[in-house]
Amino acid sequence: MAVEFGVLVNNLKCEEVDLTEGRGTSYYGCAHHAGDPGCKVNIERPFQFHTGRSDCTEHDAEFPYKATKEEKHPSAQDAGRKTIEYFQTEFPDLTGRDIVALMGAHTMGQPHIDISQIPYQWTSKGGRMFNNDYYRNIVGEDRWFFKAEPHNQCEKIGNAFGEKPKAQWLAHTRMTSVNGGPVFWIHRNHVCPACQLEEALEGMPLALMDWEKDCCHNKPEGTFCRPDRESADMEDDDLNTGCERMRFISGADEIAINAEMGLYKQFEVDDDGVIYGCRGLEIFNTTMRGTKARTVWSVPPGEYGPYEPECEKQTIQHPAGSGEPLYTIFEEFASNQQNFVRDFIIALEKMSANGYPEGLTLAPDHWTDVSCPLPAERDTPFTCYKAEAAGSGEPIIIQTNWEHAEGFVIQQDPETGNPFMGPADMAAGPTPHQQWVWSESGTQLINLGTGTPLLLDGYSSWTIESFEDWQGEHTQIRSAYDNTKGLDAWRAKANQNTVVCANAHRGYNQRWNIITN
């Protein structure tokens, strides 16, 4: 479900649709490649889910909710060689291609700092989208810089000449653990100050400083800030100072852990968590073992840093002789999003079946002809449904008899497909969008105007129930999936025309007239 949601958000962001208005942070983020060919993700076939795993069958006698089976996790601090050794032992059917593909799950979400002691996120302003940004980041592609503030903007910041900026990775530790770790990798871009956001940032923690404003205003015509070099094809000989400089995305930095970076870059980590093996990592051997330093950054001996370590690419092949060094798979996925998506699904299926060579039971198809329209309002769950044809029954009108919405009927908006309550001219005859017919299965209410089912608050199948009281017989429409939920017109009391699916009761706002022509 997370992948499907991530694909939905990514593809809408590729169309530059504003998903945050009225919907909250679940749709927050910026698409680095909006407008580019191949921005959208296409899942070629459904994920095949299998049931039948039974892994934790023995439990602690004193604490029966605890399984006695010991879990074996890979270490986030291990480098590439040890990470491959873990998978070779615990997931023997996974190849290097599978392992690299699974790492792509980090295109979404972020580490939990209280658990891992690693801050920030893998893809800045991209953690709600499923795409190949993770790989583009790891391999060091030129990458637009999105400032963390204001949080709802996606202003692309580049270098002084308006180009997509160069990027680099630094090894870093904040020495929060007893061994001076954990070491992680942090991304930065060679960019100008956020000149185009100067006014919007006023009064915010990340407002431009005076020297940055000077870079923005005292610049040659046609540039975005004052360049530190004469032309775009020249190298900046000082990456850490000047108007153009390597900058972290303060408050929203992009990171990588050793276990994944070690599959692309060749370095080692000893049993104390000290990283070594590349020029620029020597400082960790002395400083992490000390007690005085608070942070450590990669820097070549005798230099003033920080700087990117000079690591070779990871040439391990798994299995040996496969002809696919691990680094080449990262670069393939960075350049070909479709190959990543294809291989991710294959790898996830293999991982889910690990330890069951005799096979598992294929679950029912949850993908084919299933639609999950984007909810219209914030905090509204997705309502997914499998398309059904309308049955041969007589069309019905669903009319509330509550006094606050007298005469209102449930209908569908012809443009959005969202249900609402509104008046109907019963004398002239209701419109197709005000009429419903039961589907072939008898559980969905199909709108005659749109041909789509009635979807509300996560529910798409319905049943009609009747009850009697001293006033006579009444009709309710309840969820066929959860009988404790029913159609409710209560918002009409606040002059709203929204129909909802709420906790079922027998009040006036949940009583409906079912009218046939």
Side-chain angles (χ1 to χ4, degrees), residues 1-8 41-76 83-109 112 115 130 259-260 263 318-319 322 329 333 338-372 381-388 440-441 443-444 458-461 479-485:
M1 287 298 293
V3 170
E4 292 175 19
F5 177 77
V7 170
L8 171 74
V41 170
N42 174 37
I43 299 181
E44 295 174 345
R45 70 161 179 84
F47 173 72
Q48 295 179 348
F49 181 73
H50 290 78
T51 64
R53 293 194 69 96
S54 181
D55 300 313
C56 299
T57 55
E58 297 180 6
H59 298 83
D60 187 283
E62 185 177 359
F63 304 103
Y65 57 86
K66 292 172 57 178
T68 56
K69 186 175 182 179
E70 181 182 355
E71 293 186 20
K72 296 180 181 178
H73 298 280
S75 170
T83 299
I84 291 297
E85 288 174 0
Y86 166 82
F87 278 101
Q88 194 169 14
T89 301
E90 302 300 323
F91 294 87
D93 292 336
L94 296 185
T95 65
R97 175 170 286 267
D98 296 326
I99 295 165
V100 173
L102 288 172
M103 292 294 176
H106 285 169
T107 196
M108 299 182 71
H112 195 300
I115 297 172
F130 186 79
E260 58 199 344
L263 299 177
H318 180 63
S322 65
I329 305 170
F333 291 163
Q338 203 55 43
N339 284 6
F340 156 58
V341 174
R342 177 201 66 203
D343 290 350
F344 177 83
I345 292 175
I346 294 170
L348 193 59
E349 290 172 349
K350 289 171 71 173
M351 185 180 72
S352 300
N354 183 54
Y356 283 79
E358 68 281 5
L360 296 166
T361 302
L362 182 64
D365 180 8
H366 68 287
W367 185 283
T368 305
D369 296 327
V370 173
S371 298
C372 297
F382 275 82
T383 306
C384 298
Y385 66 94
K386 192 160 189 171
E388 287 190 33
E440 289 181 340
S441 70
T443 60
Q444 290 184 357
Y459 301 100
S460 61
S461 57
S479 164
Y481 175 77
D482 181 357
N483 195 249
T484 67
K485 302 291 184 181

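Note that these values count all heavy atoms, side chains included, but never hydrogens, waters or copies made by symmetry.
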ask   = Which residues pass the side chain to side chain contact (heavy atoms under 4.5 Å, CB included) test with Ser460, sequence neighbours left out?
value = Thr383, Tyr385, Leu455
query = Considering residues at least two apart in sequence or located in another chain, which fulfil the side chain to side chain contact (heavy atoms under 4.5 Å, CB included) criterion with Tyr65?
reply = Phe63
Side-chain ion pair, Glu349 and Arg45, N-O less than 4.0 Å = yes
key: Working for side chain to side chain contact (heavy atoms under 4.5 Å, CB included), residues Glu260 and His106   = CA-CA 10 Å; Glu260 58 199 344; His106 285 169; 2.7 Å; yes
ask   = Which distance, rounded to the nearest 0.5 Å, do you find between the CG of Asp55 and the CD of Glu71?
value = 10.0 Å
Interatomic distance, Phe333 atom CZ to Asn339 atom CG [nearest 0.5 angstrom] = 7.0 Å
Indicate the atoms forming the closest heavy-atom contact of [X] with [Y], along with that distance.
X: Ser352; Y: Phe47; result: OG-CZ, 4.2 Å
X: Gly52; Y: Tyr356; result: O-CE2, 4.1 Å
X: Ser441; Y: Glu388; result: OG-OE1, 2.6 Å
X: Tyr459; Y: Ser479; result: CD2-OG, 3.3 Å

Just so I know, are the side chains of [X] and [Y] near enough to count as touching, which here means a heavy-atom distance under 4.5 Å?
X: Thr51; Y: Leu360; result: no
X: Phe130; Y: Phe340; result: yes
X: Val370; Y: Cys384; result: yes
X: Ile84; Y: Leu263; result: yes
X: Glu4; Y: His366; result: yes
X: Val100; Y: Asp343; result: no
X: Lys350; Y: Leu94; result: yes
X: Lys72; Y: Thr89; result: no

Can you check whether [Y]'s main-chain N or O pairs, donor with acceptor, with [X]'s side chain at less than 3.5 Å?
X: Ser322; Y: Pro319; answer: yes
X: Gln338; Y: Asn42; answer: yes
X: Asn354; Y: Glu90; answer: yes
X: Arg53; Y: Gly355; answer: no
X: His318; Y: Gln88; answer: no

request  = Would you please test Phe382 and Leu8 for side chain to side chain contact (heavy atoms under 4.5 Å, CB included) and show each step?
outcome  = CA-CA 12 Å; Phe382 275 82; Leu8 171 74; 3.3 Å; yes
ask   = So does Tyr481 have more than 12 non-hydrogen atoms from other groups sitting under 6.0 Å from OH?
value = no
More than 12 heavy atoms of other groups within 6.0 Å of Glu358 CD = yes
ask   = Where do Asp369 and Lys386 land on the salt bridge (Lys or Arg N to Asp or Glu O under 4.0 Å) test, with the steps shown first?
value = CA-CA 6 Å; Asp369 296 327; Lys386 192 160 189 171; 5.9 Å; no
query = With under 30° as parallel and over 60° as perpendicular, where do the rings of Tyr86 and Phe91 fit, or are they tilted in between?
reply = tilted
ask   = Using a distance-only test with no angle check, is there a side-chain donor-acceptor pair under 3.5 angstrom linking His50 and Gln48?
value = no
key: Residue pair Asp98, Met351: steps toward the side chain to side chain contact (heavy atoms under 4.5 Å, CB included) verdict   = CA-CA 9 Å; Asp98 296 326; Met351 185 180 72; over 6 Å; no
task = Quick one: do Ser461 and Gln444 satisfy side chain to side chain donor-acceptor pair (under 3.5 Å)? Show the steps, please.
result = CA-CA 5 Å; Ser461 57; Gln444 290 184 357; over 6 Å; no
